[in-house]
Novice: 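My questions will all concern the structure given below.
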Amino acid sequence: MNKIYGMAIIVFLAGLCHAADPVVKTPFTAEPVYWSWAKTPPMGWNSWDCFGTTLTEEQAKAQADAMEKHLKPYGWTYFTVDIQWYEPDSQGHGYRRGARLEMDEYSRLIPALKKFPSSSDGRGFKPLADYVHAKGLKFGIHIMRGIPKQAVRDNTAILGTDARAADIANTRSTCPWNPDMYGVDMSKPGAQAYYDSLFELYAFWGVDFVKVDDIARPYDEVQRAEIEAIRKAIDKTGRPIVLSLSPGDTPIERGQHVMNHANMWRISDDFWDRWQPLYGMFGRLEKWTKYRAEGAWPDADMLPFGIVEFNRPTRFTPDEQMTCMSLWCIARSPLILGADMTRLDDTTLNLLTNPEVLAVNQASTNNRQIKNENDLIVWAADSPDGRDSYVGLFNAQSNDNPFDLSKADYTSRRLSGQPKAQVIEISMPIRNVRRLVLAVRDGGNGSDYDHAAWIEPVLTGPKGTLKLTDLDWILATAGWGTVRKHRTVDGRPLTLDGKPVEGIGTHSVSIIEFELPEGYDTFTSKGVITEGSQGRGSLEFCVLVDPQKRAKPDRSTVSVSFADLGITGKARVRDLWTRRDLGEFSDSFGTDVPLHGAGLFRISPMP
C-alpha cells in the first residue's frame with residue numbers, strides 16, 4: 001500500500017453512499033433568490049490575517065494584481081477589505097477606543113482618505129471596486145453591525161428619514177471587542193432606513209460581498225433583528241450582494257434562521273494556524289451538516305497559509321495545511337485565503353490550485369462525517385452525477401497533549417467570569433519528582449477565550465527557592481497563540497492587583513512540561529484568567545507530577561470500507577493530490593497517514 005507524505009486524503013469513490021442527516025429545508029415555498037448568488041462555496045481572499053486593520057489602497061491593488069495572476073484561473077474570485085478601513089490611523093490587529101472615524105453626513109462610515117486616496121469627493125470604494133472588477137474579480141468589504149458611536153454623539157442625520165442617529169441607537173448593545181459601534185434598535189422609526197441607506201451606498205460602490213461582524217454571536221434578539229434588517233436592505237438594492245455573518249461560533253439552535261438570511265456564517269471564533277483549533281473544526285463542521293445547502297454555507301473561517309500577520313510564515317506544518325485544505329473542501333466550507341498573495345511560494349500555490357481538490361469543494365453533495373474512531377476520521381461526499389463519492393481520511397491524533405489530564409494530581413475548581421476576578425492558590429508536594437506538567441483545560445464551554453496565566457510559579461526546598469520561569473520547558477503548547485514567559489498569550493505584560501508580576505501566559509488547552517532539578521519539595525503558583533478572555537473564558541488549572549506519557553505513533557492506518565459506502569467489489573484508486581493512479585483495491589481502501597495529516601484519492605469501481 002502506498003504511503004502518503006504530509007497529505008490530507010480525500011478518497012473519490014464510485015457507488016452509492018449512506019445518507020447523512022437530512023438538510024434542514026428552508027421554510028419558504030421556493031429557495032431564496034439570494035441562495036443563487038452563492039450556489040457554490042465562495043472562494044476568495046480577505047485582508048485580515050495578513051494586514052489586520054492597516055490595509056491601504058496601494059496594498060489592496062497589489063494583492064488584487066497577484067490574485068488575478070495566481071488564483072483567479074482556479075476560481076478564486078472574492079476580494080475583501082476587512083475591518084477599520086474607515087479609521088485613518090489604525091494599527092496592527094487591535095482597536096483604539098475613541099478613535100476618530102471617517103463618516104458622511106448620513107451616519108455612514110466611509111473609506112479613510114489617508115488609506116484610500118481614490119475615495120475622495122464622495123466616490124467611496126467605487127474606484128477600488130472598479131479596479132477589482134476590471135480584473136474579473138468581485139469586491140467585498142467588512143462592516144460592524146450597528147451605528148457608529150461617533151454618529152450618536154454628534155446625533156447626525158439618517159438618509160431617508162427624519163430620525164437621527166441617537167433616535168435609533170441601542171446604547172446597551174455593544175461589541176465586547178471593538179469599541180466603535182452601538183447596536184440598532186429595529187423597533188424604532190428610521191432604523192430600517194439606516195440599514196437601507198448603508199446598502200444603497202455599498203451597491204453604488206459596486207460591492208459584491210459584505211462580511212458583517214459582531215452579529216452571529218451570541219445571536220441575541222437585537223442581533224437577530226439586525227440580521228433581518230440587513231437581509232431586507234440587501235434585497236432592496238437589487239444587487240446580488242453575498243452576505244457573510246461573523247464571528248462564531250454561531251449558536252446551532254439558530255441554524256434555520258441563519259441559513260434563511262445569510263449565504264455563509266462563522267462556526268468558530270477567529271481561526272489561526274494552531275493544531276488545536278484545526279482539530280476542533282472536525283466536530284464543528286460535523287455539527288453543522290444538516291444546515292448546509294447550496295447558497296447557505298457554514299464557514300470554518302480563513303485559511304492561514306503562506307505569509308500572515310504582516311511578515312510571519314504560517315505555523316501550520318505541511319501535513320496540517322493539507323488537512324486543513326482537505327477538510328474545508330470535503331465539508332464545503334467557503335475558501336477564503338488570508339495570505340499575502342504577492343508572496344505565495346510554490347508549495348502554497350500548489351495547495352490552493354489543485355483542480356481535483358477544488359472540485360470537491362465546488363461540486364460535491366451530501367457532505368458528512370461517516371466515522372471517527374479514536375481521532376481517525378472519515379468524511380464522505382457524493383460526486384455531482386451521483387455515481388461516485390469523495391471520502392476524506394484524516395489522522396487527527398496528536399502528541400501535543402501526551403498526558404491524561406483526567407488523572408491530574410491537582411485540578412482547580414472551574415474559573416470563569418471577568419479576568420483576575422478569581423485567583424487560585426496552588427500548592428503541590430514535589431519531593432523526588434523529576435517531571436512537572438502544568439496544564440490548563442477547557443472549563444466546559446469550549447476553549448474560545450480561555451486565556452490563562454500561572455502567576456509566580458516557584459519551587460522551594462532544601463536548595464532554597466527557584467523560579468520555574470528560570471528553567472527551560474521541554475514542551476509548551478497552547479490552544480491559541482504562543483506560551484510566553486512574563487506576558488499573556490496575546491502579548492500583554494502580566495499583572496496582578498495592578499502590579500507587574502512574573503509568570504507564564506497561555507491558553508487552553510495548554511501543556512507545559514518541565515524537568516526538575518533535585519533539592520526542591522514544593523511547587524506553588526497562582527492561577528488566573530487573563531484579559532484576553534473578555535469575561536467569556538471558562539477553564540481549569542491542572543498539575544501532574546511524574547505523569548506517564550501516552551505517545552501516539554507517527555503514522556496510523558486510516559481506512560474506509562466500501563460496504564460503508566454501498567460499494568462492492570474492486571475499484572481503481574487515484575491520488576488526487578499527486579494526480580497519480582495507484583492501482584486496484586478490493587472491498588476497502590486504507591493508507592498510512594501521519595499525525596495531523598491525511599491523503600487524497602479517487603476510487604472508481606471496476607465492472
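Because the structure is a prediction, the values reported are computed rather than measured. Along the sequence shown, residues are numbered consecutively beginning with 1. As a basis for the values below, the full set of heavy atoms in this structure was taken, side chains included, without hydrogen atoms, waters or symmetry mates.
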Novice: What's the separation between atom CG in L344 and atom CG in L349, rounded to the nearest 0.5 Å?
Specialist: 5.0 Å
Novice: Any side-chain heavy atom of W35 sitting closer than 4.5 Å to one from N260?
Specialist: yes
Novice: Would you indicate whether the side-chain heavy atoms of S398 and Y279 approach each other to under 4.5 Å?
Specialist: no
Novice: Does R536 qualify as a cation-pi partner of Y449, given the criterion of NZ or CZ under 6.0 Å from the six-membered ring centre and within 45 degrees of its axis?
Specialist: yes
Novice: Tell me if the CG atom of D554 is crowded by more than 12 foreign heavy atoms within 6.0 Å.
Specialist: no
Novice: State whether D382 and R368 are salt-bridged, where the test is any N-O pair (Lys NZ or Arg NE/NH1/NH2 against Asp/Glu carboxylate O) under 4.0 Å.
Specialist: yes
Novice: With a 4.0 Å cut-off on N to O distance, would you call D546 and R435 a salt bridge?
Specialist: no
Novice: Verify the distance criterion only: is there a donor paired with an acceptor across the side chains of R266 and S246 at less than 3.5 Å?
Specialist: yes
Novice: Would the number of heavy atoms belonging to other residues, nucleotides or ligands and lying under 6.0 Å from CG of D346 be above 12?
Specialist: no
Novice: Counting only heavy atoms not in K287, do more than 12 fall under 6.0 Å of its NZ?
Specialist: yes
Novice: So how far is it from L358 CG to Y74 OH, rounded to the nearest 0.5 Å?
Specialist: 9.5 Å
Novice: Should D273 and R312 count as an ion pair when the cut-off is N to O under 4.0 Å?
Specialist: yes
